[in-house]
Amino acid sequence: MTDAKTLLATRRSVPIPALRDPAPSEAELTEIFTAATRVPDHGKLAPWRFILFRGEVGAELGRRLADLAERHEGQPLGEARRAYEEQRFTRAPLVVGVVSTAKPHFKIPEWEQVLSVGAATMNLIHAVHARGYGANWITEWVAYDEDAKALMGIASDEKVAGFVYVGTPGDAPSDRPRPDLATVVSEATLPQDRV
Ligand SMILES: Cc1cc2nc3c(=O)[nH]c(=O)nc-3n(C[C@H](O)[C@H](O)[C@H](O)COP(=O)(O)O)c2cc1C
């Protein structure tokens with residue numbers, strides 16, 4: 001298990017084609033989802049849920065999403081595009097759909113519920129990486145298309161936070177530039193006195 005300091009300092013997304021078998025075991029997945037659901041959550045609403053896409057169901061959903069894309073676009077998909085859509089849930093050993101179930105609440109702002117799904121997604125990713133696996137958080141059109149959501153069993157009042165692709169990384173990915181802290185961190189200032 002990678003220690004927390006190293007994990008936070010070094011984690012980065014693994015390109016999806018570099019995510020190979022094996023996926024985390026079922027016992028590891030239980031630990032990973034336990035970590036993913038251990039997040040700040042104002043009001044203890046658990047305003048998120050997780051869907052595992054893998055195996056034959058993942059393959060069949062990919063085929064149906066390819067058909068849906070074709071219907072939407074009104075013409076046959078090219079060979080490469082069809083393969084891409086069909087392999088949406090099989091190009092990594094496991095894809096976790098993270099769904100926001102945030103809704104209006106008499107006390108807890110919906111915005112705070114939405115923030116909690118981001119925290120859950122990031123905890124999921126860190127828990128995956130801590131165990132030596134790799135992850136990549138993407139969305140793409142299927143996250144925003146109501147017909148695609150219905151195919152994936154996601155209600156119209158739910159939102160897709162992302163699809164987290166999970167597997168064993170091949171090569172370590174090179175890093176990418178990170179923000180200059182001076183541009184994003186500042187001391188609070190007092191308001192200017194107005195005359
Ligand atoms: C909500 C969300 C959705 C994203 N969707 C995509 C996507 O559809 N396609 C993509 O290439 N990257 C997407 N990204 C960015 C990837 O996660 C990207 O690999 C990542 O930002 C790289 O940074 P990292 O190395 O720190 O993980 C998304 C990121 C977030 C937070």
Side-chain angles (χ1 to χ4, degrees), residues 2-20 23-24 32-33 35-37 39-41 47-53 58 61-62 65-66 68-69 72-73 77 80-102 110-149 151-152 154 157-181 183-185:
T2 310
D3 71 88
K5 199 171 155 189
T6 305
L7 174 68
L8 292 171
T10 61
R11 179 218 57 84
R12 79 145 308 184
S13 296
V14 176
I16 293 170
L19 291 170
R20 319 267 163 76
I32 286 166
F33 286 112
T37 54
V39 284
D41 162 19
W48 16 254
R49 65 188 186 93
F50 307 88
I51 306 172
L52 279 66
F53 297 96
L61 279 173
L65 288 166
L68 177 66
H72 280 348
E73 292 171 27
L77 301 182
R81 174 76 196 290
R82 172 158 279 278
Y84 185 83
E85 295 299 343
E86 288 190 346
Q87 290 160 24
R88 177 169 294 283
F89 294 131
T90 53
R91 57 197 161 110
L94 171 67
V95 182
V96 180
V98 186
V99 177
S100 166
T101 59
E110 201 167 335
W111 167 238
E112 297 185 6
Q113 300 174 50
V114 171
L115 291 173
S116 186
V117 80
T121 311
M122 206 58 234
N123 260 24
L124 169 75
I125 290 171
H126 276 134
V128 165
H129 278 265
R131 286 165 179 77
Y133 299 97
N136 200 324
W137 177 356
I138 69 165
T139 40
E140 299 187 335
W141 71 273
V142 292
Y144 300 103
D145 183 288
E146 288 305 323
D147 295 326
K149 283 171 60 189
L151 266 179
M152 295 183 288
I154 299 166
D157 63 349
E158 296 180 315
K159 286 195 168 57
V160 176
F163 297 96
V164 178
Y165 284 66
V166 177
T168 298
D171 297 331
S174 57
D175 207 355
R176 69 176 174 87
R178 301 290 165 175
D180 175 2
L181 291 187
T183 65
V184 293
V185 183

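Everything numeric here is computed off the predicted structure, so don't read it as measured data. Every number for a ligand or one of its atoms is a count from 1 in the order of the listing.
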Which donor-acceptor pairs under 3.5 Å do side chains of residues 161-173 form with protein atoms, sequence neighbours excluded?
| from | atom 1 | to | atom 2 | distance (Å) |
| --- | --- | --- | --- | --- |
| Tyr165 | OH | Arg88 | O | 2.7 |
| Tyr165 | OH | Arg91 | NH2 | 3.4 |
| Thr168 | OG1 | Pro22 | O | 2.6 |

Would you please say whether a donor-acceptor pair under 3.5 Å links the side chains of Thr6 and Asp3? yes

Under 3.5 Å, side chain of Ser116 to main-chain N/O of Pro40, donor-acceptor pair present? yes

Could you tell me which residues satisfy ring-ring contact (aromatic ring centres under 6.0 Å, His included) with Tyr133, sequence neighbours excluded, listed by chain and number? none

As a test of understanding, state which of Ile32, Asn123, Val96 forms a side chain to side chain contact (heavy atoms under 4.5 Å, CB included) with Val128. Ile32

Within the 4.0 Å heavy-atom cut-off around ligand 1, the contacting residues, ordered by chain and number, are Arg11, Arg12, Ser13, Asn136, Trp137, Ile138, Thr139, Glu140, Ala161, Arg176, Arg178

Return the set of residues passing salt bridge (Lys or Arg N to Asp or Glu O under 4.0 Å) with Lys159 (not counting sequence neighbours), or none when no residue passes. none

